[in-house]
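It should be emphasised that the depicted structure is a prediction, and the values quoted were computed from it without experimental measurement.
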Amino acid sequence: MDYDVIVVGAGHAGCEAAYAASTIGLKTCLVTIQLETIAQMSCNPAIGGLAKGQLVREIDALGGLMGRLADETGIQFRLLNSSRGGAVQAPRAQSDKALYRLTMKKWLEGMPNLTLFQGIVTKILTKSNRAVGIETLDGYKLQSRAVIVTPGTFLNGLIHIGLQSYPAGRANEPPSILLSQSLKNLGLKTFRLKTGTPMRLHKDSIDWTGFTPQPGDKIPVPFSFRTKKPLENRIVCHFGYTNPKTHEIIRQNLAFSPLYGGKITGIGPRYCPSIEDKVVKFPERQRHQFFLEPEGLDTAEIYVNGISSSLPLDVQEKILASIPGLDQAKILRPAYGIEYDAVMPTQLLPTLETRSISNLYLAGQINGTSGYEEAAAQGLMAGINAALKIQEKQPFILCRNEAYIAVLIDDLISRGIEEPYRLFTSRAEYRLNLRIDNADKRLTEYGHAFGLINSNDYRCYQEKQTRLNRVLIFLEKKKIQVGNRENISLKDFLKKPEGKWENVIEYVPLDMLLTDEEKRFCESEIKYEGYIKKQEKEIARITKLDGEKIPRGMAYTNVPGLTREVIEKLEKFDPQTIGEAKKIPGVTPASVINLHIAISIHRKQKTKNVSRGTKYQNRK
């Protein structure tokens, strides 16, 4: 069988990649080990969170799936940082784990250009350093014009529970050992990472009175700009704390931890550590918070968010017994740690295509990231770019000031990673511009151009922008009197720290009534206006600097302040511009400044020499 695009792996990255490529119009095949586990939430059945919620909004604005599925399958919704500014607000939803998986499968099965295929991929087929298809364990070959690999934690996966280990990509599912070797044979450098998941408990074995309820928002905020129906909170989460007795049990059993016993060599996530890591690295802490989160409406399983572990099962039971309210809890699924292979992402282009093998794209945890949202964003971008390359169109590369997606990808390919990468708002230099309320304004035009946003949704988007522009103009022109002071515009009033939308609503005409989402947008646009203008000037300055060309044959050894390591890297990668030099791993900001100064001196000297030559010719 011949396809335009083959996607290997049907996790969150693979589903978005396959959906994007097939929607754009390419004949696509999504290959997965088990069709029943498409979009399986291996860890917490939750979508969003700080920075992650922004990613989901951006995926939705480009026409991806995750936001719509989160809204459709969500059972509890919360807007994080709702009391703070719009730049740091982010939606989070607890999803029904089974419903999410089934909804995604049903959605993909209905795609006209997409074929789902069950098989274990063992080899990437290449010809003249170009990916041309895949081969499965049973020797079946599928040919294609591009291949997108999204294997999650399955590459050479190894599960650890105590000192016992067994090969698996997920609990009781086979790993992709031969595929990992195939990628290595293609010259890609891999390394080991580690992650883990907590135990699942039976809800009826928990004494809920020992924990604090954490309900959803009264008016849930959707992820998708296309969600019109009101969302409903259907469950309540709870939180509690470990105690000194818990920590003592963990310390007494560290010898049975594969993490501290030397069995695990992979690097784990700093920002989502196991309970063992928390106890060892923060000995001064008397307690650590955890959350009890239902995995769905039709299951008794409770996810213990915050007690990830790879300790033996009997030790896990002792840990629970030390916590009031969980002392009678029954474990349905033990916690475990998992090691897997990842590919160093500096071997990728900004399109997520590998530098060494043309038409081979990597997305998701294989690139060293953690989290469903980071994986889905990469999958969407890989799917779009694979399709564009096959159609012989320009690649789709976002700038860091346009989207968190761009921050994520640029960090990966230019800086590499030493541990599982997690996106934070602090990683974005221009986060005042990258808010959840303006993601559609930033990215919907792209999604529509690619055919991922249909005409009806695009028309709704245009009508919304027209309405918002009218409101912003009205707020600028409408004058009000505040106290005994002279009249000021509603816009200037909103700029004040005490200015809130509810204070100006009485002045806004009925035909300008906005949704809560649109109100947040208007308020943020006005309050951040001055800061955003400063950012735009900074963006223009940096863009100009990044575009500065490096003279051909420049002698880096003559540039003051460059270390031998930086000189070797510049000579090896041969960047064409300052922007390209900045993205070379190991080239520091100070080195970039020194290089810019040297180029400026070189240019002035060249201009002076030309001027002298002209004067000499005139005298002659």
Side-chain angles (χ1 to χ4, degrees), residues 16-17 19-25 47-48 51-72 86-87 89-91 107 221-229 351 373 376-385 387-388 391 393-409 428 430-472 514-525 528 532 536 539:
E16 294 286 354
Y19 176 78
S22 59
T23 303
I24 290 173
I47 298 293
K52 293 172 178 286
Q54 280 89 334
L55 275 182
V56 181
R57 276 290 178 91
E58 292 176 355
I59 290 168
D60 181 72
L62 285 171
L65 290 174
M66 180 171 270
R68 282 181 283 176
L69 262 72
D71 289 344
E72 191 169 337
Q89 293 178 357
W107 204 307
V221 175
F223 281 94
S224 177
F225 293 101
R226 291 166 279 183
T227 296
K228 305 302 180 186
K229 65 179 182 179
T351 58
E373 302 82 2
Q378 292 174 72
L380 179 64
M381 295 298 284
I384 292 172
N385 276 302
L388 292 176
Q391 294 175 335
K393 296 180 180 179
Q394 289 295 314
F396 179 46
I397 302 171
L398 289 164
C399 298
R400 291 180 72 96
N401 62 292
E402 290 185 285
Y404 274 98
I405 293 175
V407 175
L408 164 68
I409 293 176
Y430 310 110
R431 55 185 173 275
L432 293 183
N433 276 333
L434 309 182
R435 308 188 307 272
I436 60 170
D437 58 62
N438 69 357
D440 57 342
K441 185 178 179 181
R442 291 183 276 119
L443 301 172
T444 297
E445 295 290 349
Y446 291 124
H448 181 250
F450 300 140
L452 296 173
I453 299 289
N454 64 42
S455 57
N456 183 59
D457 290 334
Y458 185 63
R459 185 176 64 254
C460 291
Y461 158 76
Q462 289 179 310
E463 291 171 353
K464 173 186 173 182
Q465 297 307 311
T466 300
R467 184 168 61 254
L468 289 172
N469 288 335
R470 284 183 59 214
V471 171
L472 290 173
L514 306 177
T515 65
D516 289 341
E517 182 76 28
E518 291 166 350
K519 294 172 189 175
R520 282 191 290 270
F521 170 81
C522 289
E523 196 168 327
S524 293
E525 281 289 291
Y528 292 136
I532 290 174
E536 288 173 347
I539 291 168

What's the separation between atom [atom1] in [X] and atom [atom2] in [Y], rounded to the nearest 0.5 Å?
X	Y	atom1	atom2	result
I397	I405	CD1	CD1	14.0 Å
Y461	I453	OH	CD1	10.0 Å
D60	L55	CG	CG	12.5 Å
T444	L452	OG1	CG	11.0 Å
E525	L432	CD	CG	11.0 Å
D437	F225	CG	CZ	7.5 Å

Ignoring hydrogens, what is the shortest heavy-atom contact between [X] and [Y]? Give both atom names and the distance.
X	Y	value
A21	A387	CA-CB, 4.5 Å
G86	S524	CA-OG, 3.7 Å
R435	N438	O-OD1, 2.8 Å
L434	A428	CD1-CB, 4.0 Å
A406	C399	CB-O, 3.1 Å
A51	A90	N-CB, 4.4 Å

For the pair Y430 (side chain) and I539 (backbone), establish whether a donor and an acceptor sit closer than 3.5 Å, ignoring hydrogens and angles.
no
Do any N or O atoms from the side chain of Q54 and from the backbone of Q89 form a donor-acceptor pair under 3.5 angstrom?
yes
Side-chain atoms of residues 62-70: list all donor-acceptor pairs with protein atoms under 3.5 Å, sequence neighbours left out, distances to 0.1 Å.
{"residue": "R68", "atom": "NH2", "partner": "Y19", "partner atom": "OH", "Å": "3.3"}
{"residue": "R68", "atom": "NH2", "partner": "G64", "partner atom": "O", "Å": "3.4"}

Indicate whether any N or O donor in one side chain lies under 3.5 Å from an N or O acceptor in the other, for D71 and T227.
yes
Under the side-chain contact (heavy atoms from CB on, under 4.5 Å) rule, what do Y458 and E445 come out as? Steps first, then yes or no, please.
CA-CA 8 Å; Y458 185 63; E445 295 290 349; 2.7 Å; yes
Of all residues at least two apart in sequence or in a different chain, which pass the ring-ring contact (aromatic ring centres under 6.0 Å, His included) check with F396?
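Per chain and number, F396 pairs via ring-ring contact (aromatic ring centres under 6.0 Å, His included) with Y446, F450.
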Is E523 salt-bridged to R520, going by a charged N under 4.0 Å from an acidic O?
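No, E523 and R520 are not salt-bridged.
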Do E517 and R57 sit within salt-bridge range, that is, some charged N less than 4.0 Å from a carboxylate O?
yes
Would L388 and Q394 count as a side-chain contact (heavy atoms from CB on, under 4.5 Å) here? Give the steps.
CA-CA 7 Å; L388 292 176; Q394 289 295 314; over 6 Å; no
Could you go through the side-chain contact (heavy atoms from CB on, under 4.5 Å) check for Q465 and K441 one step at a time?
CA-CA 8 Å; Q465 297 307 311; K441 185 178 179 181; 3.8 Å; yes
With [X], which residues qualify under salt bridge (Lys or Arg N to Asp or Glu O under 4.0 Å), at least two apart?
X	value
E58	R442
R400	D410, D411, E429
E518	R467
E536	none

Could you go through E373 and Y404, starting from their C-alpha distance and side-chain angles, then the distance that decides it, and tell me whether this counts as side-chain contact (heavy atoms from CB on, under 4.5 Å)?
CA-CA 11 Å; E373 302 82 2; Y404 274 98; over 6 Å; no
Are any non-hydrogen side-chain atoms of I436 and P91 less than 4.5 angstrom apart?
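Yes, close enough: below the 4.5 Å cut-off.
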